[in-house]
Amino acid sequence: MRIKRSVLRQSYPFLFVTGLGQMIAGLIFGGMDNYLNEAPGLIVLIPSMIGLRGNIGSALASRLGTATHMGFISSANAWNDRSKSEMSTAIVLSISLSAMAGLVAFLSCVMLGLDHISLGNFLFISTATGLIDGTLLSLMTLSIVFYATKYGADPDNVAAPALATAADIITLGVLFLVVIASGVVP
Amino acid sequence: MKEILDRVVIRSTVKQSIPVLLVALLLGILAGQILNLASSIIIIPFVLFSIPVVNGIGGNLGTILGARLSSELHLGSISPRLEGDDLEDELLTGVTLGIITYVSLAFVSMIVAPVLGVQMPINLVKLGVLIAFSGILLSFVVLAISMLSAVYSFRFGLDPDNSVAPLTASSGDIAGIMCIILVLQVVGV
């Protein structure tokens, strides 16, 4: 058996930098402790909200990348019908699946007989986060694809990894703000 | 014409994404309920800080190995029977990569987290130990998941390029949380 040094050399810097990005996400998560204690069941939402955003975002990134390679989107013509319809699809998916996450989180707490915040609170927090976050990340994905194409990089190689890390940070940040705004914790 | 194209794009994207997204959603809620049930040891600032770090790197590690295994299965340098020197090399490389990454990030966390104002345990080493040990544990689990899903997808005629990443990402999140809880049981909060 031997260790493939070239893989270590190429992957370690990437993993290390995404780790630093995850520390920012950790910082936000760690700052939410009081809210998580005061709003029982809220924590149930968090992994699926982060996961959904990662899935929807990376699918959008690779679809926009493909559209760029096929010539439907270019740096000179980035804001067009094709990119708008791709982005609105991602936003619609983000809102509807987030609402579903809120509902399932509520139901799972009820079924397990655990303390929980009201269904209204679950739905408000998940849907508002899905709307704001989905919109922000879609715009961000388009700009990454735009700048990658402009400077001659292949968006397929850049967009998805950049987005995966950003998605965690932005989702937790938006969720935190929405929780504060919802007034679920006095 | 354009409008028709746009409508077709939207409809096919939605139709194809929903099953995968729903499975990811349910696995996410499962991960969330595990956090909720263990909330007495999870909702503590330094533990919350560690979760995205441990899980994020675990997911990336699995995706990297999964992508490499898929390519080698396609190229034939690894046989779908789970044997061969190349497979052993890949696993050894993956574990080494996991150990180096988690240990270095554990040290960085011990410096960065207190500076950024995360409320720390009385003993700072606990944060380092939590990230390093649960990370290394997770590396083994994630590498096993991505290896098995790559090989079995290939045997069942699925393209591992499409199946390994989502499978590894969602099950890796649950595994990561379990590893953190396990290490916390040993080290204590």
Side-chain angles (χ1 to χ4, degrees), chain A residues 1-5 7-8 11-12 14-16 18-23 25-27 29-33 36-37 40-41 43-52 54-56 58-59 63 81-82 84-86 88-90 92-93 97 100-101 104-105 108-109 112 114 161 164-165 168 172, chain B residues 2 5-7 9-10 13-14 17-18 20-22 24-29 31-33 35-37 39 42-46 48-53 55-57 59-61 64 68 85 88-90 92-93 96-97 100-101 104-105 108-109 112-113 116-119 166 169-170 173 177:
Chain A
M1 290 212 284
R2 78 193 166 84
I3 294 171
K4 298 190 171 174
R5 278 167 196 274
V7 179
L8 293 188
S11 304
Y12 175 71
F14 165 74
L15 285 174
F16 187 78
T18 48
L20 297 182
Q22 294 294 342
M23 285 183 196
L27 187 68
F29 203 18
M32 287 176 76
D33 62 326
L36 293 172
N37 273 323
I43 201 170
V44 178
L45 260 184
I46 291 174
S48 53
M49 293 298 281
I50 294 178
L52 280 178
N55 284 330
I56 297 174
S58 53
R63 295 184 57 78
D81 286 350
R82 175 63 179 251
K84 276 189 255 180
S85 76
E86 293 286 6
S88 35
T89 312
V92 169
L93 276 175
L97 282 152
M100 183 102 70
V104 179
S108 66
C109 285
L112 293 168
L114 300 167
T165 311
D168 287 7
L172 275 170
Chain B
K2 250 182 184 168
L5 177 75
D6 291 344
R7 226 173 284 153
V9 167
I10 290 198
T13 311
V14 170
S17 336
I18 280 193
V20 178
L21 289 173
L22 281 179
L25 188 155
L26 292 176
L27 289 172
I29 296 287
Q33 281 297 1
L35 290 176
N36 194 22
L37 290 168
S39 60
I42 289 288
I43 306 183
I44 296 165
F46 86 97
L48 292 174
F49 172 83
S50 312
I51 294 175
V53 179
N55 279 358
I57 300 302
N60 288 336
L61 202 59
I64 292 174
R68 296 185 52 79
D85 292 344
E88 290 173 5
D89 290 351
E90 286 295 341
L92 182 67
T93 308
T96 314
L97 190 56
I100 301 174
T101 309
S104 53
L105 285 173
V108 176
S109 296
V112 168
L116 291 176
V118 181
Q119 206 184 332
S170 350
D173 264 0
I177 290 165

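Throughout, a chain's letter reflects where its sequence line sits, starting with A, and its residues are numbered from 1.
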Tell me whether [X] contacts the main-chain N or O of [Y] through its side chain, where contact means a donor paired with an acceptor under 3.5 Å.
X: D89(B); Y: R2(A); value: yes
X: S48(A); Y: L45(A); value: yes
X: S50(B); Y: F46(B); value: yes

Are any non-hydrogen side-chain atoms of [X] and [Y] less than 4.5 angstrom apart?
X: F16(A); Y: I57(B); value: no
X: M23(A); Y: V108(B); value: yes
X: D33(A); Y: I44(B); value: no

> Crowded around E88(B) CD? As in, over 12 foreign heavy atoms under 6.0 Å?
Replying inline: yes

Most chain B-contacting option - heavy-atom pairs closer than 4.5 Å, from [options]:
options: L114(A), L172(A), I50(A); answer: L114(A)
options: S58(A), S108(A), C109(A), G31(A); answer: S108(A)
options: V7(A), D168(A), L20(A); answer: V7(A)

> Where does L27(B) contact chain A at under 4.5 Å (heavy atoms): side chain, backbone, both or neither?
Replying inline: neither

> For I64(B), is it the side chain, the backbone, both, or neither that has a heavy atom closer than 4.5 Å to a heavy atom of chain A?
Replying inline: side chain

If you count heavy-atom pairs under 4.5 Å between each of [options] and chain A, which one has the most?
options: L97(B), I51(B), L37(B), D173(B); answer: L97(B)
options: S39(B), A31(B), G59(B), S104(B); answer: S104(B)
options: T96(B), L21(B), V118(B); answer: L21(B)

Between [X] and chain B, with a heavy-atom cut-off of 4.5 Å, which part of the residue counts as in contact: side chain, backbone, both or neither?
X: A25(A); value: both
X: L112(A); value: side chain
X: I46(A); value: neither

> For L26(B), what residues pass the side-chain contact (heavy atoms from CB on, under 4.5 Å) criterion, not counting sequence neighbours?
Replying inline: V104(A)

